[in-house]
Number of protein chains: 2
Amino acid sequence: MSDHEDAVDFDLRGFLPYLLNIAAEESSASFQQYYKGRYGMLRTEWRVLFHLGRYGAMTAKEICDRARMHKTKVSRAVAALQAKRFLTRSQREDDRRHETLALTSQGRQAYADLAAQGQQFDRALMADFSEEEARFLRQALERIAKF
Amino acid sequence: MSDHEDAVDFDLRGFLPYLLNIAAEESSASFQQYYKGRYGMLRTEWRVLFHLGRYGAMTAKEICDRARMHKTKVSRAVAALQAKRFLTRSQREDDRRHETLALTSQGRQAYADLAAQGQQFDRALMADFSEEEARFLRQALERIAKF
DNA sequence: CGTTGTTAGTTACAAAACCAACTAATATGT
DNA sequence: ACATATTAGTTGGTTTTGTAACTAACAACG
């Protein structure tokens, strides 16, 4: 046995963070191409759009918490989406530190398109798995993600 | 039902690329802190070190293919690891475009440490899962990653 | 009140990633 | 043999991210 093999006796190829990273990259590649190509959006922007589209108007802070994004990322993504006329900001009267973010009809259209498209990609990804396997996989990932 | 909910009828929260991304981030966070704190290494550097440690000496090109990293990333990671005296380069006589990369004893030491540490993190991550679930999870991820 | 602390969000600067152009060595086709 | 194409790897310039410092609004406590 050569030197490099007995340094550690288990197969680090199955190292979970590594596998997850590769799987994450592989699985988002084609979808990313779609939203980037069609709307010139970054992943951060898609995530913000996605949260507003899926859960309705909310503040940047709420997006930070729900989407696990740092506030600077959200801040920039919001600015970019606003420039694309996909969302509007409105200051809250009760606390002027908060801005409520809401999709414009253009933004909702983009969301509807991307959500439908995403659904397709998701189905394609899961095509190899049975219903039950898919359910388990999602639950396992949620557990690892600490949802 | 409000406008944003009927745009798409399934729960995009379970969107696989999204789940995978979050799980990947969550799972690598503490390990990343370890190798960054202890060796000042970036993820790209850890990946290169990992491949050389696990599979033995090889060229940058082989690392690109095996680790799915772009050649510029590998090139810079190799330069950084060389600066840290973790690897050496040697031109091949038969084709002087190729450089064989090999870990130094210092590099092997770092690898052994990180591999052992990684193993711990991995076990901790998998603590919630049964043997069989863990096996299935890895296989599923490998399938998605197209290994 | 008024000082101090906290929270939402932005901005500035540094680190890292991405992409395209580049060099150098080898392979291929005429 | 020589022009052209490919391959391994590096470098430069731009984009994106990360980090820390900042502003503005509110809260809490004396």
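Chain naming here is simple, since letters A, B, ... match the order of the sequence lines and numbering starts at 1 in each. All heavy atoms count here, side chains included; hydrogens, waters and symmetry mates do not. The shown structure was predicted, so the numbers you read here are calculated from the model rather than taken from an experiment.
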For atom CG of A/D95 and atom C1' of D/dA24, their distance in whole Å: 11 Å
Distance, rounded to the nearest Å, where B/R47 contributes CZ and C/dA17 contributes C1': 13 Å
Euclidean distance, A/H98 NE2 relative to A/R96 CZ, rounded to 0.5 Å: 13.5 Å
Interatomic distance, A/K36 NZ vs C/dC18 C1' [rounded to whole Å]: 8 Å
Worked check of side chain to side chain contact (heavy atoms under 4.5 Å, CB included) between A/K73 and A/R47: CA-CA 10 Å; A/K73 263 193 190 173; A/R47 274 211 196 164; over 6 Å; no
Linked, directly or transitively: A/L42 and A/F50 (ILVMFWY side chains, under 4.5 Å): no
Atom-pair distance (CG on B/L101; P on D/dA8), nearest Å: 13 Å
Side chain to side chain contact (heavy atoms under 4.5 Å, CB included) between A/Y35 and A/R38, worked out: CA-CA 5 Å; A/Y35 61 67; A/R38 174 128 194 197; over 6 Å; no
Comparing A/Q91 and A/T44 on DNA chain D - which has the more 5′ nearest nucleotide: A/T44
Residue-level proximity of residues 68-89 of chain A to DNA chain D when a heavy atom falls under 4.0 Å: A/H70, A/T72, A/K73, A/R76
Sidechain-backbone polar pair: A/R89 side chain, A/E99 backbone, donor-acceptor under 3.5 Å: no
Passing option when A/D95 is tested against A/R92, A/Q91, A/R97 for side chain to side chain donor-acceptor pair (under 3.5 Å): A/R97
N/O donor-acceptor pair under 3.5 Å between B/R85 side chain and B/Q106 backbone: no
D/dA24 phosphate, OP1 or OP2, under 4.0 Å from A/R96 side-chain N/O: no
Rounded distance (Å) that lies between atom C1' of C/dA17 and atom CG of B/L42: 11 Å
d(CD, B/E93; P, C/dA25) in whole Å: 12 Å
Side-chain H-bond candidate by donor/acceptor type, A/D113 with A/Y34, under 3.5 Å: yes
Detail all sub-3.5 Å separations between protein N/O atoms and N/O atoms belonging to nucleotides 1-7 of chain D.
unit_1, atom_1, unit_2, atom_2, d
D/dT7, O2, B/R97, NH1, 3.0

A/D94 CG - C/dT7 P separation (whole Å): 17 Å
Aromatic plane relationship, A/W46 with A/Y111 - under 30° parallel, 30 to 60° tilted, over 60° perpendicular: parallel
Atom pair distance, as rounded to whole Å: CE in A/M58 and P in C/dG9: 12 Å
